[in-house]
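Being a predicted model, the structure only gives us computed values, none of them experimental. Every chain is numbered from 1 and lettered A, B, ... according to where its sequence line falls, protein lines coming before strand lines.
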Amino acid sequence: DAMVIQNPRYQVTQFGKPVTLSCSQTLNHNVMYWYQQKSSQAPKLLFHYYDKDFNNEADTPDNFQSRRPNTSFCFLDIRSPGLGDAAMYLCATSRDRGGHTNTQYFGPGTRLTVL
Amino acid sequence: AQSVTQPDIHITVSEGASLELRCNYSYGATPYLFWYVQSPGQGLQLLLKYFSGDTLVQGIKGFEAEFKRSQSSFNLRKPSVHWSDAAEYFCAVTGGGADGLTFGKGTHLIIQP
(Lines give C-alpha, C1' and ligand atoms only; values in the text may rest on other atoms or scores of the structure.)
Protein backbone atom coordinates (compact mmCIF):
# COMPACT_ATOMS: atom_id res chain seq x y z
CA ASP A 1 0.00 0.00 0.00
CA ALA A 2 1.14 3.52 -0.74
CA MET A 3 1.91 5.30 2.46
CA VAL A 4 3.82 7.82 4.53
CA ILE A 5 6.54 6.32 6.72
CA GLN A 6 8.33 7.97 9.62
CA ASN A 7 11.46 6.75 11.32
CA PRO A 8 12.13 6.31 14.07
CA ARG A 9 8.77 6.10 15.82
CA TYR A 10 10.41 7.08 19.10
CA GLN A 11 13.53 9.20 19.47
CA VAL A 12 15.31 10.19 22.65
CA THR A 13 17.96 12.88 22.55
CA GLN A 14 19.86 15.00 25.01
CA PHE A 15 19.43 18.69 25.53
CA GLY A 16 21.41 20.48 22.83
CA LYS A 17 22.32 17.34 20.85
CA PRO A 18 21.31 17.58 17.19
CA VAL A 19 18.69 15.14 16.01
CA THR A 20 17.24 14.21 12.62
CA LEU A 21 13.81 12.77 11.96
CA SER A 22 13.01 11.02 8.72
CA CYS A 23 9.93 10.84 6.52
CA SER A 24 9.47 8.89 3.31
CA GLN A 25 6.49 8.43 1.03
CA THR A 26 5.51 6.01 -1.67
CA LEU A 27 2.64 8.20 -2.91
CA ASN A 28 4.82 10.22 -5.30
CA HIS A 29 3.29 13.39 -3.90
CA ASN A 30 4.71 16.80 -4.73
CA VAL A 31 4.18 18.41 -1.33
CA MET A 32 5.60 17.30 2.01
CA TYR A 33 4.80 18.94 5.35
CA TRP A 34 6.18 18.83 8.88
CA TYR A 35 3.93 19.48 11.85
CA GLN A 36 4.75 19.70 15.54
CA GLN A 37 2.16 18.41 18.00
CA LYS A 38 2.76 19.01 21.69
CA SER A 39 0.90 17.02 24.30
CA SER A 40 -2.86 17.54 24.20
CA GLN A 41 -2.55 20.20 21.50
CA ALA A 42 -3.41 20.47 17.85
CA PRO A 43 -0.71 19.92 15.23
CA LYS A 44 1.08 23.09 14.16
CA LEU A 45 2.70 23.50 10.76
CA LEU A 46 6.47 24.10 10.84
CA PHE A 47 7.23 24.17 7.10
CA HIS A 48 6.56 22.44 3.82
CA TYR A 49 8.24 21.61 0.55
CA TYR A 50 6.47 22.04 -2.75
CA ASP A 51 8.71 19.91 -4.92
CA LYS A 52 12.14 21.46 -4.15
CA ASP A 53 10.80 24.79 -2.97
CA PHE A 54 11.05 25.24 0.79
CA ASN A 55 8.34 27.24 2.57
CA ASN A 56 8.93 28.15 6.19
CA GLU A 57 6.18 29.31 8.54
CA ALA A 58 6.89 32.74 9.96
CA ASP A 59 6.92 31.58 13.57
CA THR A 60 9.01 28.42 13.12
CA PRO A 61 12.18 28.77 15.22
CA ASP A 62 15.53 28.83 13.41
CA ASN A 63 16.46 25.76 15.41
CA PHE A 64 14.30 23.73 13.02
CA GLN A 65 15.57 22.97 9.53
CA SER A 66 14.47 20.64 6.77
CA ARG A 67 15.92 18.89 3.76
CA ARG A 68 14.27 17.17 0.83
CA PRO A 69 16.95 15.38 -1.22
CA ASN A 70 14.41 13.77 -3.55
CA THR A 71 10.67 13.35 -4.06
CA SER A 72 10.38 10.45 -1.64
CA PHE A 73 12.31 11.68 1.39
CA CYS A 74 12.13 14.65 3.70
CA PHE A 75 14.11 15.22 6.90
CA LEU A 76 13.52 17.39 9.93
CA ASP A 77 16.70 18.57 11.66
CA ILE A 78 16.62 20.06 15.13
CA ARG A 79 19.99 21.71 15.62
CA SER A 80 19.94 22.18 19.39
CA PRO A 81 16.89 20.57 20.96
CA GLY A 82 15.51 22.18 24.07
CA LEU A 83 13.13 20.70 26.59
CA GLY A 84 10.32 22.64 24.91
CA ASP A 85 10.89 20.76 21.65
CA ALA A 86 9.66 17.49 23.12
CA ALA A 87 6.63 16.64 21.00
CA MET A 88 5.16 14.37 18.37
CA TYR A 89 6.44 15.31 14.92
CA LEU A 90 4.08 14.50 12.08
CA CYS A 91 4.96 14.29 8.42
CA ALA A 92 2.22 14.69 5.83
CA THR A 93 2.03 14.71 2.04
CA SER A 94 -0.36 16.01 -0.57
CA ARG A 95 -0.43 15.28 -4.28
CA ASP A 96 -0.29 18.91 -5.27
CA ARG A 97 -1.73 22.22 -4.24
CA GLY A 98 -5.12 23.53 -5.12
CA GLY A 99 -8.50 22.00 -4.60
CA HIS A 100 -8.85 18.34 -3.85
CA THR A 101 -5.17 17.70 -4.56
CA ASN A 102 -4.40 19.42 -1.26
CA THR A 103 -5.74 16.50 0.78
CA GLN A 104 -3.00 15.72 3.30
CA TYR A 105 -2.06 12.20 4.36
CA PHE A 106 -0.15 11.74 7.57
CA GLY A 107 2.49 9.35 8.76
CA PRO A 108 2.38 7.70 12.19
CA GLY A 109 4.59 10.36 13.75
CA THR A 110 7.86 10.39 15.68
CA ARG A 111 7.66 10.96 19.42
CA LEU A 112 10.69 13.04 20.47
CA THR A 113 11.86 13.04 24.08
CA VAL A 114 14.52 15.53 25.19
CA LEU A 115 16.44 14.68 28.36
CA ALA B 1 -6.42 34.56 9.38
CA GLN B 2 -8.16 31.24 9.27
CA SER B 3 -9.21 29.48 12.45
CA VAL B 4 -11.15 26.45 13.63
CA THR B 5 -13.12 26.12 16.84
CA GLN B 6 -14.12 22.83 18.36
CA PRO B 7 -16.23 23.86 21.34
CA ASP B 8 -16.24 20.49 23.08
CA ILE B 9 -12.95 19.36 24.62
CA HIS B 10 -14.41 16.07 25.84
CA ILE B 11 -17.54 14.18 24.87
CA THR B 12 -18.79 10.97 26.46
CA VAL B 13 -21.21 8.80 24.53
CA SER B 14 -22.66 5.40 25.27
CA GLU B 15 -21.81 2.61 22.86
CA GLY B 16 -24.52 2.37 20.23
CA ALA B 17 -25.68 5.95 20.70
CA SER B 18 -25.47 8.64 18.06
CA LEU B 19 -22.66 11.17 17.95
CA GLU B 20 -22.23 14.73 16.78
CA LEU B 21 -18.94 16.62 17.09
CA ARG B 22 -19.07 20.32 16.45
CA CYS B 23 -16.71 22.36 14.32
CA ASN B 24 -16.88 26.04 13.38
CA TYR B 25 -14.43 27.66 11.05
CA SER B 26 -13.38 31.13 10.04
CA TYR B 27 -12.01 31.55 6.54
CA GLY B 28 -12.18 34.42 4.10
CA ALA B 29 -12.68 32.44 0.92
CA THR B 30 -14.03 29.03 0.02
CA PRO B 31 -12.76 26.66 2.68
CA TYR B 32 -11.55 23.14 2.26
CA LEU B 33 -12.60 21.24 5.36
CA PHE B 34 -11.42 17.99 6.86
CA TRP B 35 -12.00 15.71 9.80
CA TYR B 36 -9.13 13.59 11.09
CA VAL B 37 -9.04 11.00 13.86
CA GLN B 38 -6.03 10.28 16.05
CA SER B 39 -5.65 7.29 18.35
CA PRO B 40 -3.20 7.61 21.26
CA GLY B 41 0.41 7.77 20.08
CA GLN B 42 -0.59 7.53 16.44
CA GLY B 43 -0.69 9.78 13.40
CA LEU B 44 -3.79 11.36 11.91
CA GLN B 45 -6.18 9.37 9.77
CA LEU B 46 -8.42 11.19 7.32
CA LEU B 47 -12.10 10.53 7.96
CA LEU B 48 -13.64 12.76 5.31
CA LYS B 49 -13.26 16.02 3.44
CA TYR B 50 -15.35 18.73 1.83
CA PHE B 51 -14.25 20.76 -1.16
CA SER B 52 -17.43 21.63 -3.03
CA GLY B 53 -20.71 20.22 -4.24
CA ASP B 54 -22.98 18.16 -2.03
CA THR B 55 -22.86 19.61 1.46
CA LEU B 56 -23.33 16.21 3.11
CA VAL B 57 -20.17 14.15 2.76
CA GLN B 58 -19.66 10.54 3.62
CA GLY B 59 -16.44 9.23 5.09
CA ILE B 60 -14.86 6.08 6.37
CA LYS B 61 -15.98 4.09 9.41
CA GLY B 62 -19.60 5.21 9.01
CA PHE B 63 -18.93 8.91 9.63
CA GLU B 64 -20.55 11.78 7.77
CA ALA B 65 -20.31 15.55 8.00
CA GLU B 66 -22.48 18.40 6.84
CA PHE B 67 -21.12 21.71 5.57
CA LYS B 68 -23.32 24.69 6.45
CA ARG B 69 -21.93 27.86 4.97
CA SER B 70 -24.49 30.10 6.71
CA GLN B 71 -23.38 28.79 10.09
CA SER B 72 -19.67 28.37 9.20
CA SER B 73 -19.95 24.85 10.53
CA PHE B 74 -18.78 21.40 9.53
CA ASN B 75 -20.14 19.02 12.14
CA LEU B 76 -19.21 15.35 12.22
CA ARG B 77 -21.85 12.71 12.87
CA LYS B 78 -22.19 8.99 13.31
CA PRO B 79 -25.51 7.22 13.91
CA SER B 80 -24.15 4.52 16.22
CA VAL B 81 -20.73 4.62 17.87
CA HIS B 82 -18.53 1.64 18.62
CA TRP B 83 -15.99 1.34 21.44
CA SER B 84 -13.24 1.49 18.80
CA ASP B 85 -14.31 5.05 17.94
CA ALA B 86 -12.77 6.33 21.18
CA ALA B 87 -10.04 8.72 20.03
CA GLU B 88 -9.18 12.36 19.47
CA TYR B 89 -10.99 14.07 16.59
CA PHE B 90 -9.62 17.10 14.79
CA CYS B 91 -11.41 19.41 12.42
CA ALA B 92 -9.15 21.30 10.01
CA VAL B 93 -9.38 23.94 7.30
CA THR B 94 -7.14 25.03 4.47
CA GLY B 95 -7.33 27.18 1.38
CA GLY B 96 -6.67 26.34 -2.23
CA GLY B 97 -2.90 26.48 -2.22
CA ALA B 98 -0.24 24.33 -0.61
CA ASP B 99 -1.03 25.86 2.74
CA GLY B 100 -0.83 23.73 5.78
CA LEU B 101 -3.88 22.72 7.68
CA THR B 102 -5.18 24.86 10.50
CA PHE B 103 -6.55 22.54 13.14
CA GLY B 104 -9.03 22.95 15.92
CA LYS B 105 -7.89 21.96 19.40
CA GLY B 106 -9.57 18.59 19.10
CA THR B 107 -12.41 16.76 20.80
CA HIS B 108 -11.62 13.76 22.95
CA LEU B 109 -14.31 11.12 22.49
CA ILE B 110 -14.95 8.67 25.30
CA ILE B 111 -17.20 5.67 24.76
CA GLN B 112 -18.86 4.19 27.80
CA PRO B 113 -20.29 0.66 27.84
Is [X] close to chain A through its backbone or its side chain, or both, or neither, when contacts mean heavy atoms under 4.5 Å?
X	answer
B/Leu101	both
B/Gln38	side chain
B/Lys49	side chain

To the closest 0.5 Å, what do you measure between [atom1] ([X]) and [atom2] ([Y])?
X	Y	atom1	atom2	result
A/Lys44	B/Phe103	NZ	CZ	12.5 Å
B/His108	A/Ser40	NE2	OG	9.0 Å
B/Gln42	A/Met88	CD	CE	7.0 Å

Open item on the list: Tell me if the CG atom of A/Asp62 is crowded by more than 12 foreign heavy atoms within 6.0 Å.
Closed with: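 Atom CG in A/Asp62 is not crowded, with 12 or fewer foreign heavy atoms closer than 6.0 Å.
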
- [ ] Return yes when atom CD of A/Gln14 has more than 12 non-hydrogen atoms of other residues, nucleotides or ligands closer than 6.0 Å, and no otherwise.
- [x]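 No, not enclosed.
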
Hydrophobic cluster membership, with links at side-chain heavy-atom distances under 4.5 Å among I/L/V/M/F/W/Y: are [X] and [Y] in one?
X	Y	value
A/Tyr105	A/Leu46	no
A/Phe47	A/Met32	no
A/Tyr49	A/Leu90	no
B/Trp35	B/Val93	yes
A/Tyr10	A/Leu76	no

Open item on the list: Counting C-beta onward and ignoring hydrogens, is there a side-chain heavy-atom pair between B/Tyr32 and A/Thr103 closer than 4.5 Å?
Closed with: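 No - every pair of side-chain heavy atoms lies 4.5 Å or more apart.
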
Task: Check: A/Gln104 and B/Tyr36 side chains under 4.5 Å, non-hydrogen atoms - done: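 Touching, per the 4.5 Å side-chain cut-off.
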
Open item on the list: Testing the basics here: between A/Ala42 and B/Gly104, what is the closest heavy-atom pair and its distance to 0.1 Å?
Closed with: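 The answer is CB-O, 3.0 Å.
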
TODO: Taking all non-hydrogen atoms of both residues into account, name the closest pair between A/Gln37 and B/Phe90 and its distance.
DONE: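 So the two residues come closest at NE2-CZ, 3.5 Å.
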
Task: Under 4.5 Å from any heavy atom of chain B - which part of A/Tyr35 - done: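 Contact with chain B is through the side chain of A/Tyr35 alone.
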
- [ ] Counting only heavy atoms closer than 4.5 Å, note whether A/Gln6 contacts chain B via side chain, backbone, both or neither.
- [x]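 For A/Gln6, there is no contact with chain B at all, as no heavy atom is under 4.5 Å.
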
Open item on the list: If we define contacts as heavy-atom pairs under 4.5 Å, which of B/Leu44, B/Leu46, B/Ile9 has the most with chain A?
Closed with: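 Going by pairs under 4.5 Å, I would pick B/Leu44.
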
- [ ] Under 4.5 Å, counting heavy-atom pairs only, tell me which of A/Pro108, A/Pro43, A/Cys91 racks up the most with chain B.
- [x]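 If we count pairs closer than 4.5 Å to chain B, A/Pro43 comes out on top.
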
